[in-house]
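To keep things clear, I will list the structure first and then write my remarks on it.
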Amino acid sequence: MNISKIVSVMAYSSRITADYQVMLGKPTIKGTRISVELILRKLSEGATPADLVRMYPHLEQADIFAALEYASLVLANEEVIESAA
């Protein structure tokens, strides 16, 4: 694992967790039931980070950026499988 991946993992891992007993193991903000998926969905619907912090008082702006970082790292490591069509 290269140093940039280690730094990124450390940055989001202090805020993002996945526990099968919370939201069936979906990645969430630590100490909450707010999923990374929910944050991404709300942002895609036009909510701003400030809106999210107002809507979810347990959420901090750094949590939102950690969710974005987590999602970008997941997509960066995604493998595309070509279909035989």
Side-chain angles (χ1 to χ4, degrees):
M1 182 177 274
N2 67 31
I3 192 69
S4 64
K5 276 192 173 183
I6 292 170
V7 170
S8 291
V9 167
M10 289 183 341
Y12 80 77
S13 67
S14 67
R15 294 185 173 271
I16 306 291
T17 189
D19 179 347
Y20 73 93
Q21 294 179 339
V22 179
M23 301 294 291
L24 299 174
K26 287 186 174 190
T28 60
I29 303 302
K30 282 187 179 177
T32 75
R33 295 178 59 83
I34 301 171
S35 67
V36 169
E37 175 189 1
L38 175 70
I39 291 171
L40 296 175
R41 187 178 322 111
K42 294 294 185 184
L43 290 171
S44 74
E45 292 170 352
T48 65
D51 294 334
L52 292 175
V53 169
R54 256 191 319 278
M55 288 189 279
Y56 303 99
H58 292 85
L59 197 62
E60 297 177 14
Q61 190 166 2
D63 297 326
I64 297 165
F65 292 121
L68 291 170
E69 180 183 18
Y70 173 84
S72 69
L73 288 171
V74 168
L75 289 172
N77 293 308
E78 180 181 45
E79 288 187 35
V80 178
I81 301 172
E82 292 185 36
S83 64

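As the structure is a prediction and not an experimental result, all values here were calculated from the model.
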Under the ring pair (Phe, Tyr, Trp, His ring centres under 6.0 Å) rule, what pairs show up with a residue in residues 45-66, not counting sequence neighbours? none
Step-by-step side chain to side chain contact (heavy atoms under 4.5 Å, CB included) determination, Ile29 to Leu59: CA-CA 8 Å; Ile29 303 302; Leu59 197 62; 3.8 Å; yes
Mind checking salt bridge (Lys or Arg N to Asp or Glu O under 4.0 Å) for Lys30 and listing every partner two or more places apart, or none if nothing turns up? none
Under a side-chain separation threshold of 4.5 Å, the hydrophobic residues clustered together with Leu24 are none
Min side-chain heavy-atom separation Leu68-Leu40 under 4.5 Å: yes
Where Ala18 and Gly25 come nearest, the two heavy atoms and their spacing: CB-O, 3.4 Å
Taking Asn77 for the side chain and Leu73 for the main chain, is one N or O donor matched with an acceptor at less than 3.5 Å? yes
For Ile39 versus Ala67, what's the shortest heavy-atom pair and its separation? CD1-CB, 3.9 Å
Rounded at 0.5 Å granularity, tell me how far CG in Leu43 sits from OG1 in Thr48. 8.0 Å
With hydrophobic residues grouped by side-chain heavy-atom distances under 4.5 Å, do Met55 and Met23 end up in a single group? no
Candidate pair Ile16 and Thr28, rule side chain to side chain contact (heavy atoms under 4.5 Å, CB included), full reasoning: CA-CA 6 Å; Ile16 306 291; Thr28 60; over 6 Å; no
Looking at Arg41 and Glu45, does any basic side-chain N land under 4.0 Å from a carboxylate oxygen? no
Please name all residues satisfying salt bridge (Lys or Arg N to Asp or Glu O under 4.0 Å) with Arg33, sequence neighbours left out, ordered by chain then number. none
Taking only residues two or more places apart in sequence, or in another chain, which ones meet Glu60 in a salt bridge (Lys or Arg N to Asp or Glu O under 4.0 Å)? Arg15
Can you name the nearest heavy-atom pair linking Ile34 to Leu38, along with the distance? CG2-CD2, 4.1 Å
Minimum heavy-atom distance Ala47-Leu52, with the two atoms named: CB-CD2, 4.2 Å
Could you see if Val36 belongs to whatever hydrophobic cluster contains Val22? Use Ile, Leu, Val, Met, Phe, Trp, Tyr and a side-chain cutoff under 4.5 Å. no
State plainly whether one hydrophobic cluster holds both Tyr12 and Val53, where clusters connect Ile, Leu, Val, Met, Phe, Trp and Tyr through side-chain heavy atoms under 4.5 angstrom apart. yes
Who pairs with Asp51 by salt bridge (Lys or Arg N to Asp or Glu O under 4.0 Å), at least two apart in sequence or on another chain? Arg54
